[in-house]
Amino acid sequence: MVDASVQPSFRSDAELRDYLAPEFRSRAFPSVEKVWYQAPGGDYHPDLWGEDGVRPGADADVTARFLFETIGADSAILNPLTRGNLPDYILNSAICAATNRWLAERWLEGDAGTTFYGTIRVNPEDVGGAVAEIERWADHPRMVQIGVPLQSREPFGKPQFLPIWEAAATHGLPVAVHVTGGAGIEYPPTPSGHPRTYPHYAAFMPLNYFYHLSTMLVEGTFDKLEDLKFVFADGGADLLTPLIWRMDTFWRSFRDQTPWMTRYPSESLREHVRFCTNRLEGPVEESMVSPWMRQLNKGALLMFASHYPHWSLASPADLPAGLDGDDREGILWRNASDLYGLSERSS
Amino acid sequence: MAGYDLSGSVKEVEIVDCDVHPYERSVDQLREYAPKGWEKELFPSGREISPAFLYYDPPDYVHARSMRYDAVTPSGDRPGSDPDFATEQLLDGAGIDIAMLQPIPVLERLPEADHARRVTTNNWLADVWLDKHNAHGRWRGAISVSMRDPVAGAREIERWAGHPYMCQVLMCPQSRVSFGDPWFDPIYEAASRHELPVATHVMGLGPFEFTPLNPVGNQTHWHDFLPSWSLLYVSHLMSLVFDGTFEKFPNLRVVFTEGAFSWVLPTMWRMDAYWRARRSDVPWVKRSPSEYVKEHVRFTTQPLEEPPVSSDYKEYLGWMDVGSLLMFSSDYPHWSYDAPHWASRFFPRSALNAIMRDTAIELYRLPRTVLELTSRDSGRSMV
């Protein structure tokens, strides 16, 4: 089993500061928790707080024991959160750089590192810095993808981001999009403004991937970069079927404005888009699961994720009953293994 | 009514069209209905040149204003601006027995102007469509209220409640305040007291402040912009449920118009799962979200989707309780019009009557028969 999304934590801000380049060590930055939308009771699963009060996800050995022993993962993709979309894009890039050094040193080496893989965090608002950071880490044998925030001021299909995706695609590294922590310049989480309740926030926020995806499809990003792959790591594949159907329906009527879109939007999904699973989405009724998966061939698009150490923590037991064997294998390990080239990396 | 003899028989209502757009013939026509003192501000007549919010370019706007070509009126006026021609083309020609009219008044910058604009629209609709050109009794209207001033909106609801042809309240969903916010309570209170459903319809082209803003930025073309409108409704639906609106107003019924509906299925699953996992966050939500949706919310059918594998759509609709949730709509006279006989082929047989008429008849308390439209020319109806 491959766990496609785990969020390791710094023990404290002090630990992050140790890894920051010297000129940034006295800078203030937000905590990793979201100020307005932290879950009541905290974002971390309550069972994961150790007696020593160490933040869940901060201890590599504890994390390894949970993932590889308790829930039976063979490997796990680590994707640490950063601190929000900071107006000082240089500081933000420095935080990404520090996070990458920390991840490589503390998680991807040594015994606990034997089955961890990592994410190269970059700041899309600093295109030059992001490309340089990708070049710095692309050849590291355990860095398997790029990581960017879901929150943005412009959808990722806009042309200014192309050099970043090109660097990722050139190195065969997928781009993982994940809701990022902290506080920064971000618009309200929903198109109907700020949610008043936590369940409204938590249920809606992952669905914002569609604004990125729809614009990327319409801008032809995947046609320009044939090797580019995007992973929407918070989930949202449940809404994919109705929304992509809507795009397909109107595709032909809009082609006078977008003549470069030579394929139906749905035809680009298999080659270019993946989603992590989330135990709080999708059909529950057993008889519906297999036909649901067949529509848009979702069985090829999903990768199991625990989302450790989040309160919505999942294990393979949370996958719905009714999945057919092939889909189940794909979701549990094969889709991630293929996407990240894991068998090549471990040989 | 010119062209039709209404003294004949009645016929059974077979199709209710829940989304038809009436337009004013001209600014001059609409100006007559403005509240006293608002004529000049809402309808400037100096050297101002009429602007349009055209920063997204909808299909075929330049040549056809995104309307059906064949819906231009016989006198060359705007599609949807002639009730008698609409009677001929939609009611007689397409076989629609009752049409729920949803005007789309422009969005104003100031709340008081937005309210005055809606008062104007209500006055015009009631006079032109629901009175002067409604001898056949087939047109039904909506009381437009401003999302910017719900207290004034509640007064407007009181003004029209009891009107024989005003069957619902209509509000724009784009103020970036979610529908479950107590801000809208005055509207829900008045509407549910008068047993009037509250409908919402998207404004395609409007000012940036009232175009949905998401945490990812603005899309480039109409092609990526249009499908994501469904997410606006997803968020409003989540708000109505998680903010406890249906507990506060147990009589309230809400209609989501022209936002598609297939997104409702996974959204109900998602809401149910998050509610089960986080019940203590929202103790006022006493029942599962999907139960609230089934009891309180309805969705119009247009535009239907055409998936790559067409049999998938029938399978998908079979998973949804379409017989309870959906009401047929055409969106006449827009370019994306769904003809009723084409649309009806997609629905399960067992749910067909519910979708084409029964759910709307129950929701809007419509009659089960209407006057037959017998053409004076041929002495028989077109349908």
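Throughout, protein chains are lettered first and strands after them, A, B, ... in sequence-line order, and every chain is numbered starting at 1.
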Any chance you could measure B:Asp224, atom CG, to A:Phe210, atom CZ, to the nearest 0.5 Å? 8.5 Å
Sort out for me which residue in B:Phe225, B:Trp335, B:Trp222 forms a ring-ring contact (aromatic ring centres under 6.0 Å, His included) with A:Phe250. B:Trp335
For the atom pair CZ (A:Phe204) and OG (B:Ser235), what is the distance rounded to the nearest 0.5 Å? 5.0 Å
Where do B:Glu305 and A:Arg246 land on the salt bridge (charged side-chain N to carboxylate O under 4.0 Å, His left out) test, with the steps shown first? CA-CA 6 Å; B:Glu305 283 111 16; A:Arg246 210 154 132 78; 5.1 Å; no
Scored by heavy-atom pairs under 4.5 Å with chain A, the best of B:Arg176, B:Glu306, B:Gln219, B:His223 is B:His223
Would a 4.5 Å heavy-atom cut-off, applied to side chains only, mark A:Lys158 and B:Thr220 as touching? yes
Look at B:Ser336, B:Gly180, B:Pro173, B:Pro303 and state which one has the largest set of heavy-atom pairs under 4.5 Å with chain A. B:Pro303
Which residue out of A:Gly193, A:Gly41, A:Ser266, A:Ser152 racks up the most heavy-atom pairs below 4.5 Å with chain B? A:Ser152
Could you check A:Arg294 against B:Asp312 for side chain to side chain contact (heavy atoms under 4.5 Å, CB included), going step by step and ending with a plain yes or no? CA-CA 9 Å; A:Arg294 202 184 4 86; B:Asp312 281 355; 3.9 Å; yes
On a heavy-atom basis, the closest approach of A:Pro188 and B:Pro215 is O-CD, 3.4 Å
So which of A:Leu243, A:Leu239, A:Leu207 actually passes side chain to side chain contact (heavy atoms under 4.5 Å, CB included) with B:Ser230? A:Leu243
Report the distance from atom NE2 of B:His221 to atom CE of A:Met261, rounding to the nearest 0.5 Å. 9.5 Å
Checking A:Tyr264 against chain B: side chain, backbone, both or neither under 4.5 Å from a heavy atom? neither
OH on A:Tyr198 to OH on B:Tyr274, rounded to 0.5 Å: 7.5 Å
Between A:Pro283, A:Pro265, A:Ala39, A:Pro291, which has the largest tally of heavy atom pairs under 4.5 Å with chain B? A:Pro283
Just by distance, do the side chain of A:Arg196 and the backbone of B:Pro182 share a donor-acceptor pair under 3.5 Å? no
Do side-chain atoms of A:Thr197 reach the backbone of B:Asp243 as a donor and acceptor pair under 3.5 angstrom? no
Return the orientation label for the B:Trp319 and A:Trp292 ring planes: parallel under 30°, perpendicular over 60°, tilted otherwise. tilted
Option that, when pairs with chain B are counted at under 4.5 Å, heavy atom only, ranks first among A:Asn208, A:Asn85, A:Asp248: A:Asn208
Greatest number of heavy atom pairs closer than 4.5 Å to chain B - which of A:Gly157, A:Pro149, A:Gly282, A:Ser312: A:Gly282
